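Data first, discussion second: the structure below is written as structure tokens.
The structure displayed is predicted, hence computed values, not measured ones.
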Amino acid sequence: MGKDAFKLIANNKKAYHDYFIDEKYETGIELYGTEVKSIRMGKCSVKEAFVRIQNGEVYIYGMHVNPYEKGNIFNKDPLRPRKLLMHKAEINKLAGKIAEKGFTLVPLQVYFKGSLVKVEIGLARGKKLYDKRADIAKKDQRRELEREFKVKNLY
């Protein structure tokens with residue numbers, strides 16, 4: 001694996017369905033050894049996770065990292081809050097934007113960049129029900145067009 005090889009571990013498709021993602025940020029994450037080993041095996045989920053800023057630091061809550069099977073007393077709580085590593089200026093900029101109406105931070109994906117575990121978080125605005133319906137209609141329409149195109153090319 002090269003210096004900036006990218007290996008996806010967990011993806012949060014629900015975030016793209018529920019929110020408009022305005023900006024994306026790459027952050028490091030503070031983990032213990034057995035957690036890293038578990039993540040290497042792909043035992044991680046960010047589906048129910050959310051991100052908060054407290055005391056000038058960014059934390060991710062609800063990120064589930066399965067306990068490492070070969071671990072022992074060093075295994076940590078699978079749902080413990082984990083600190084995200086960002087520059088102070090970025091954190092202050094995000095805190096200012098979150099203070100605006102309707103913005104929140106959501107984790108989008110967890111991946112390896114080289115040997116480091118990274119979390120991509122997005123500055124997001126919530127979608128209304130009619131926005132979600134419009135997205136579903138677009139996906140259905142595109143799927144139908146692709147199906148017709150495939151059928152035409154078969155003959």
Side-chain angles (χ1 to χ4, degrees), residues 1-136 138-139 142-143:
M1 205 152 88
K3 176 81 174 129
D4 29 288
F6 179 91
K7 182 184 173 213
L8 185 66
I9 299 158
N11 199 353
N12 191 356
K13 291 180 185 173
K14 189 178 171 194
Y16 290 100
H17 180 72
D18 292 343
Y19 300 99
F20 292 113
I21 309 298
D22 289 349
E23 295 178 39
K24 295 179 182 179
Y25 296 90
E26 181 180 76
T27 68
I29 183 168
E30 190 177 78
L31 296 170
Y32 289 95
T34 54
E35 290 177 321
V36 175
K37 289 179 179 183
S38 184
I39 287 176
R40 272 196 198 287
M41 295 169 60
K43 310 281 186 175
C44 173
S45 171
V46 287
K47 281 188 173 50
E48 301 296 320
F50 59 96
V51 178
R52 288 245 171 91
I53 298 177
Q54 293 178 328
N55 303 329
E57 294 180 335
V58 185
Y59 290 93
I60 186 168
Y61 295 88
M63 177 178 159
H64 190 275
V65 177
N66 281 8
Y68 184 57
E69 293 106 39
K70 297 178 181 73
N72 45 22
I73 58 167
F74 299 111
N75 278 340
K76 301 291 181 190
D77 177 29
L79 288 172
R80 75 179 181 86
R82 292 169 179 88
K83 187 185 209 180
L84 296 179
L85 310 171
M86 294 179 79
H87 291 283
K88 191 63 80 179
E90 280 183 314
I91 295 172
N92 292 337
K93 181 179 161 189
L94 282 175
K97 292 215 174 167
I98 289 174
E100 291 178 28
K101 187 174 183 283
F103 278 109
T104 187
L105 286 174
V106 291
L108 301 175
Q109 57 187 12
V110 179
Y111 55 92
F112 274 102
K113 188 174 183 183
S115 62
L116 303 174
V117 178
K118 298 288 186 178
V119 178
E120 186 177 64
I121 60 173
L123 185 65
R125 289 178 290 123
K127 283 186 181 178
K128 301 279 191 260
L129 185 61
Y130 57 83
D131 292 328
K132 292 180 190 178
R133 286 189 187 136
D135 280 355
I136 291 170
K138 281 182 194 171
K139 284 180 189 172
R142 191 179 71 235
R143 197 177 301 125

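Put simply, the side chain of R82 never gets that close to the backbone of L31: no donor and acceptor are under 3.5 Å apart. With hydrogens and angles ignored, the 3.5 Å screen pairs no side-chain donor or acceptor of N12 with any backbone N or O of Q109.
You'll find the side chain of E120 reaches within 4.5 Å of the side chain of K24, heavy atoms only. By the 4.5 Å heavy-atom criterion applied to side chains, T104 and I98 are not counted as neighbours. Residues L108 and I21 have side chains in contact (heavy-atom distance under 4.5 Å, counting atoms from C-beta outward). Here the side chains of K93 and M86 are not in contact, with every heavy-atom distance at 4.5 Å or above. Side-chain atoms of T27 and L85, non-hydrogen and from C-beta on, never get closer than 4.5 Å to each other.
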Per-pair distances, 0.1 Å, donor-acceptor, side chain in residues 48-56, under 3.5 Å, sequence neighbours excluded:
| residue | atom | partner | partner atom | Å |
| --- | --- | --- | --- | --- |
| Q54 | OE1 | Y61 | OH | 2.7 |
| Q54 | NE2 | Y61 | OH | 3.4 |

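R125 meets the salt bridge (charged side-chain N to carboxylate O under 4.0 Å, His left out) test with D22; sequence neighbours excluded. With sequence neighbours left out, E26 forms a salt bridge (charged side-chain N to carboxylate O under 4.0 Å, His left out) with K113.
Distance NZ/K139 to CZ/R143: 8.0 Å, rounded to 0.5 Å. Put simply, CZ on F20 and CG on D135 are 6.5 Å apart, with the number rounded to the nearest 0.5 Å. Between the OG atom in S115 and the NZ atom in K7 there is a gap of 12.5 Å [rounded to 0.5 Å]. I9 CD1 to S38 OG: the interatomic distance, rounded to the nearest 0.5 Å, is 10.0 Å. Between the CG atom of L84 and the CD1 atom of I60 there is a distance of 5.5 Å, given to the nearest 0.5 Å.
Minimum heavy-atom separation, M63 to V46: CG-CG1, 3.8 Å.
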Point to revise | Derivation of the side-chain contact (heavy atoms from CB on, under 4.5 Å) call for K13 and K47 | key: CA-CA 8 Å; K13 291 180 185 173; K47 281 188 173 50; over 6 Å; no
Review point. Could you walk me through whether Y25 and E90 pass the side-chain contact (heavy atoms from CB on, under 4.5 Å) check?
Key: CA-CA 9 Å; Y25 296 90; E90 280 183 314; 3.8 Å; yes
Exercise for review: Please report the C-alpha distance between I39 and F112 in whole Å, then the side-chain angles of each, then the deciding distance to 0.1 Å, and finally whether the side-chain contact (heavy atoms from CB on, under 4.5 Å) criterion is met.
Suggested key: CA-CA 9 Å; I39 287 176; F112 274 102; 3.9 Å; yes
Check your understanding: Where do L105 and L94 land on the side-chain contact (heavy atoms from CB on, under 4.5 Å) test, with the steps shown first?
Key -> CA-CA 9 Å; L105 286 174; L94 282 175; 3.9 Å; yes
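Counted within 6.0 Å of NZ on K118, heavy atoms from surrounding residues, nucleotides or ligands total more than 12; the atom is thus considered enclosed.
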